[in-house]
There are 2 protein chains.
Amino acid sequence: MTPQRELVFRAFFELGDHVTVDELYDKVKEKDKSVGYSTVWRNLKLICKVGLAEEVNIGDGVTRYDRVTQVPHGHFFCVECKSLTEFSVDQIVGVLAQSANDHKFVPEAFKIEIRGLCQQCQNKKTSLNTKEEVRD
Amino acid sequence: MTPQRELVFRAFFELGDHVTVDELYDKVKEKDKSVGYSTVWRNLKLICKVGLAEEVNIGDGVTRYDRVTQVPHGHFFCVECKSLTEFSVDQIVGVLAQSANDHKFVPEAFKIEIRGLCQQCQNKKTSLNTKEEVRD
DNA sequence: AAGCTAAATGAAAACGATTTTCAATTTCAA
DNA sequence: TTGAAATTGAAAATCGTTTTCATTTAGCTT
């Protein structure tokens, strides 16, 4: 366990979910400017490999990383402000597991994402559109 | 409507789901070698923009494209052979819509992915591991 | 049909996140 | 302490995606 590796691990678990490599890199640099980007990247990959993190891909070209917790969750992704928030998927996972079973598929992970508008962005939109389009 | 555009549109709908830009490019080239990659790419984006296709991102660095159909579906992604197959998510979408509603989130799309092993890859694995590891 | 403008095309380059290379350094077990 | 193996940092390579730009084309308007 090198000091750099420890820094990366600690930083990752200090940060919340949905961390990008860049964000983690910045966080690590707060403690030690000399740590290289590739070291952060490699150790983040290592965290994934040992099962402590998993990649989250919302299709914006940047991979984010979630801590793997005991509680499975889905993601709300706001297409407007790009924010990512979590929600519980307890029951849903049961249904999905059943689905997988029906198809003889052995599930390892469930990725559930709802894209749309978060509450804030809904408000922004409606406040801008003062004149409503009522008809088609 | 340029002939290139028509070629791209036709090719996209002739191919099945989960098409990559490269695959579409190859398909288009079968009809007309002179069509450029960027033309294929731009028109595929256009197909998305008008709502006839949507991006599918399984986190392997390549964007795939699905035709938008009336029937919502989830994806089984085999982490071994990288195959992508579809399954029905009728009931699940209902639960997710409710979830979104509870969180004041306005859903536009639901992405449901189950990662794991397809039946074929399960068989391969078990046939290879003749000597089983029984204990931790 | 000719002329015109905006849109579309193809080739190449730019972009940007990710991944690899490589020489130097560090860890850790013997 | 010593040597092999692992790790690091900097730089470059990769690779899918996106943009640029000069040229061509589509499709209106007359």
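A, B, ... follow the sequence lines: proteins, then strands. Residue 1 opens every chain.
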Check every strand shown and say whether [X] touches a base, only sugar-phosphate, or nothing at a heavy-atom separation below 4.0 Å.
X: A:S34; answer: sugar-phosphate
X: A:D32; answer: nothing
X: A:T63; answer: sugar-phosphate

In whole angstrom, what separates [X]'s [atom1] from [N]'s [atom2]?
X: A:D26; N: C:dA17; atom1: CG; atom2: C1'; result: 15 Å
X: B:L7; N: C:dA8; atom1: CG; atom2: P; result: 16 Å
X: A:R42; N: D:dG9; atom1: CZ; atom2: P; result: 8 Å
X: A:Y25; N: D:dT8; atom1: OH; atom2: C1'; result: 13 Å
X: A:L44; N: D:dG9; atom1: CG; atom2: P; result: 15 Å
X: B:R64; N: D:dT17; atom1: CZ; atom2: P; result: 10 Å
X: A:K49; N: C:dT19; atom1: NZ; atom2: C1'; result: 12 Å
X: B:Y37; N: D:dT18; atom1: OH; atom2: P; result: 9 Å

Do any side-chain nitrogens or oxygens of [X] fall under 4.0 Å of OP1 or OP2 in [N]?
X: A:N43; N: D:dT7; answer: no
X: A:Q4; N: D:dG9; answer: yes
X: B:T2; N: D:dA26; answer: no

Item checked: Check: A:F76 ring centre within less than 6.0 Å of B:H103 ring centre -> yes

Next item on the list: Would you mind telling me which residue lines up with the more 5' stretch of DNA chain C, A:D22 or A:S38, judged by nearest nucleotide?
Entry: A:D22

Check: For A:Q119 and A:N123, does a side-chain donor sit closer than 3.5 Å to a side-chain acceptor?
Finding: no

Check every atom of [options] against the side chain of [X] and return the nucleotide holding the closest atom.
X: A:V35; options: D:dG9, C:dC28, C:dT27; value: D:dG9
X: A:W41; options: D:dT18, C:dT18, D:dG9; value: C:dT18
X: A:V62; options: C:dA8, C:dA17, D:dG27; value: C:dA17

Pairs under 3.5 angstrom only: tabulate donor-acceptor contacts from the side chains of residues 26-34 of chain A to other protein residues two or more places apart or in another chain.
residue, atom, partner, partner atom, Å
A:K29, NZ, A:Y25, OH, 3.0
A:D32, OD1, A:S34, N, 2.8
A:D32, OD1, A:S34, OG, 2.7
A:D32, OD2, A:S34, OG, 3.4

Check: Do the rings of A:H73 and A:H75 sit parallel, tilted or perpendicular, given the 30° and 60° boundaries?
Finding: perpendicular

Notebook entry, point to check: Would a distance-only check, ignoring hydrogens and angles, find a side-chain to backbone donor-acceptor pair under 3.5 Å from B:N43 to B:T39?
Noted result: yes

